[in-house]
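Quick note: numbers below take in every heavy atom, side chains included, and nothing from hydrogens, waters or symmetry partners.
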2 protein chains.
Amino acid sequence: MTAKKKPVRAAPQRAARPKHSVVAAALIDEIRSGRHAPGALLPSEPELCRRFEVSRHTIRVALRSLYEKGLILSRQGHGSIVQATAVEPRYGFACSSIDDLLQYAAATPREVLGTARIDVDPALASWLGCEPGYPWWEIRTRRLQEAGGAAIASSRVYVPEVYGAAVRELKKSPLPLFALMEARYGHHIAQIRQTFSVVAATAGEAADLGLEAGAAVMCVERRFIDERGGLLEVSRSVHPPGAFRYELTVRQMLGTERP
Amino acid sequence: MTAKKKPVRAAPQRAARPKHSVVAAALIDEIRSGRHAPGALLPSEPELCRRFEVSRHTIRVALRSLYEKGLILSRQGHGSIVQATAVEPRYGFACSSIDDLLQYAAATPREVLGTARIDVDPALASWLGCEPGYPWWEIRTRRLQEAGGAAIASSRVYVPEVYGAAVRELKKSPLPLFALMEARYGHHIAQIRQTFSVVAATAGEAADLGLEAGAAVMCVERRFIDERGGLLEVSRSVHPPGAFRYELTVRQMLGTERP
DNA sequence: CACGGGAGCTTGTCCGCACAAGTCGATGCA
DNA sequence: TGCATCGACTTGTGCGGACAAGCTCCCGTG
């Protein structure tokens, strides 16, 4: 055995941090300290190479990390523009399907109690967030724990009249309405606003659920909005106590780095 | 003038797509078609170099794009593991502070009704999601619409005994408990699990809120978890009907590419 | 003065090479 | 059998170079 084996690592306390990480940290610090103001250009890549005495490749890896943190934005032929002064810890969640998001009880059977073409009066229009006077569809549905079992949801769903074909399909398909609209009209949902609250059930809702009028129920209002900001669907579902739980796990989102 | 100027661009109809983009598209297609199953390893980078006849740099740019789409995950010394078979539109939401997330009514005054050091019995332990037998703190608080006004929230907050200093500070500071814990102990919150449901108020909660026992209330349970998976705080807040609304806007998230 | 075009800058793409660091199975010794 | 070690293989880091593509400004031409 020669003595050379095991490089010995003379200075184990050295963090041995990659250069690009050191450069990125330095640039983040400079931005936070105001040396590079938002809207201004960062020094060019060749200049940063000279300053930090690293290759352009290393600089680019560092800049990508700044980009992923939302601090800069690079444009070919122009430069890297400072976007924000600090990288804040961001909390959020992501899911890959709308069903996850809505926590749809796909297993529970849905009953379509009725569909009606209605003209939106001012009161309804203000709740829907649309202009009054136009025709919409109103669909009343109910969900049961199992077929013939207890009701766990009573919903009123409103969609503009033009989506009538999707509404007519609703009785034959187990899919949720937004899925039918997406499939038939190609408008895909870009945004969903959900509100959770406890309210007193209306007479109709109480009847659907087998409760006395005015009983406290969980009310979930949802607005589905397409990529142009147009309202696709508005729904109000109420659930009796104990029948509905909404779970939301939010985690700190780290930048998605892959050097 | 010589004739050499303007490279003429013999085939302008060529899309001139970057090679890394072509490689990425090919790999995405292969994954979607099932040629690379989820959990399996992608061919190694040198092998992809040979297959596509490009440099390793180009392969790595392509793989990064797959990573950012959530399709693969690379581990040094091991390889690139297929995570998902298709790049789906992802929905999510993000906010930059926990306060936004909790929609804290920072304006409403908080009343600390009492703090107690308790030993966690098995029933409580199972609800908290911790081991029984250890001492915890239980804090009872109430929030009022305005000083002297109607109660809009009654909470039971549980934290491990070691955070006693933060608990004692609670009466003097208007900050929420998790903020005190973060400030004093440096454990920052990595994950929050929230559950919304309608339940019957317990006798104590009903008394806090001025309702009759068993009244239906909105119940929000929150678990604060640190980066090592440890439980920092568990809380259960109940709100009378109409006093609490939780709003959640979720939008389609586009991938963040920077080539 | 309007405008086209080029110089000179920027970032984007792409190639080559080399070594470090991490994983995992095979090997061989106890 | 159990375990330490080695080596083959993987991705990560870092260097050098070159050219393409895009943006701005400036200058000369009409």
Side-chain angles (χ1 to χ4, degrees), chain A residues 1-2 4-12 14-25 27 36 40-67 71-83 256-259, chain B residues 1-2 4-12 14-25 27 36 40-67 71-83 256-259:
Chain A
M1 298 266 185
T2 70
K4 75 160 163 38
K5 282 291 147 59
K6 281 281 173 76
V8 174
R9 192 167 299 285
R14 279 276 260 126
R17 204 144 65 109
K19 287 191 188 182
H20 63 78
S21 165
V22 175
V23 172
L27 289 174
H36 308 295
L41 287 175
L42 229 49
S44 73
E45 293 176 1
E47 191 167 330
L48 292 173
C49 292
R50 288 190 293 274
R51 264 196 41 198
F52 290 99
E53 297 182 325
V54 295
S55 73
R56 188 168 162 230
H57 173 77
T58 303
I59 290 292
R60 285 180 66 76
V61 174
L63 289 181
R64 183 167 59 237
S65 130
L66 265 70
Y67 170 81
L71 289 178
I72 64 167
L73 202 148
S74 302
R75 274 182 17 212
Q76 186 175 163
H78 189 70
S80 294
I81 305 155
V82 178
Q83 295 281 109
T256 61
E257 287 199 51
R258 182 203 143 102
Chain B
M1 302 267 185
T2 71
K4 76 161 159 44
K5 283 291 147 61
K6 281 282 173 79
V8 174
R9 192 166 301 283
R14 281 275 257 125
R17 200 142 69 107
K19 287 189 188 181
H20 63 79
S21 165
V22 175
V23 172
L27 288 174
H36 307 295
L41 287 176
L42 229 51
S44 74
E45 293 175 1
E47 191 168 331
L48 292 173
C49 292
R50 289 191 292 274
R51 265 195 41 199
F52 290 100
E53 297 183 326
V54 295
S55 73
R56 188 166 161 233
H57 173 79
T58 303
I59 291 291
R60 284 180 65 76
V61 174
L63 289 182
R64 185 167 59 237
S65 131
L66 265 68
Y67 170 81
L71 290 178
I72 64 168
L73 200 147
S74 302
R75 274 183 18 214
Q76 186 177 160
H78 189 71
S80 294
I81 304 156
V82 178
Q83 296 281 107
T256 61
E257 284 199 56
R258 178 202 144 104

Interatomic distance, I81(B) CD1 vs dC24(C) C1' [rounded to whole Å]: 13 Å
A62(B) and H20(B): which non-hydrogen atoms are nearest, and at how many Å? CB-O, 3.4 Å
In this structure, how many angstroms lie between the C1' atom of dT11(C) and the CG atom of L41(A), rounded? 12 Å
Does the side chain of H78(A) get closer than 4.0 angstrom to OP1 or OP2 of dC9(C) through an N or O atom? no
Assign each of P46(B) and S21(A) the nucleotide of DNA chain D bearing its closest heavy atom; nearer the 5' end lies the nucleotide of P46(B)
Is the distance from OP1 or OP2 of dT13(D) to the nearest side-chain N or O of H20(A) less than 4.0 Å? yes
Rounded interatomic separation in angstrom, taking CD from Q76(A) and P from dG22(D): 6 Å
N or O in side chain of T58(A) less than 4.0 angstrom from dC15(D) OP1/OP2: yes
R75(B) has a side chain; which of dT24(D), dC24(C), dT11(C) sits nearest to it? dC24(C)
Test item: V22(A) and V54(A) side chains (from C-beta on) under 4.5 Å apart, heavy atoms: no
Nearest-0.5 Å distance, CZ of residue R50(A) to OG of residue S44(A): 6.5 Å
Check every atom of dG12(C), dG14(D), dT10(D) against the side chain of H57(A) and return the nucleotide holding the closest atom. dG14(D)
Of dG14(D), dG12(C), dC14(C), the nucleotide closest to the side chain of K19(B) is dC14(C)
In residues 48-56 of chain B, what residues come within less than 4.0 Å of DNA chain C, judged by heavy atoms? V54(B), S55(B), R56(B)
Rounding to an integer number of Å, can you tell me how far I59(A) CD1 sits from dT10(C) P? 13 Å
R17(A) and A25(A) have their tightest heavy-atom pair at NH2-CB, 4.0 Å
Taken in chain and number order and not counting sequence neighbours, the residues that satisfy side-chain contact (heavy atoms from CB on, under 4.5 Å) with Q76(A) are none
L42(B) CG to dC9(D) P: how many Å, rounded? 19 Å
For atom CG of L73(B) and atom P of dT10(D), their distance in whole Å: 18 Å
Rounded to whole Å, the CD-C1' distance (E45(A) to dA21(D)) equals 14 Å
Looking at every non-hydrogen atom in both residues, tell me the closest pair between S80(B) and S74(B) and how far apart they are. OG-OG, 2.9 Å
Length of the CD1-P vector between I72(B) and dT11(D), whole Å: 9 Å
Could you walk me through whether L42(A) and I72(A) pass the side chain to side chain contact (heavy atoms under 4.5 Å, CB included) check? CA-CA 8 Å; L42(A) 229 49; I72(A) 64 167; 4.0 Å; yes
Does a side-chain N or O from R60(B) land closer than 4.0 Å to OP1 or OP2 of dC15(C), or not? no
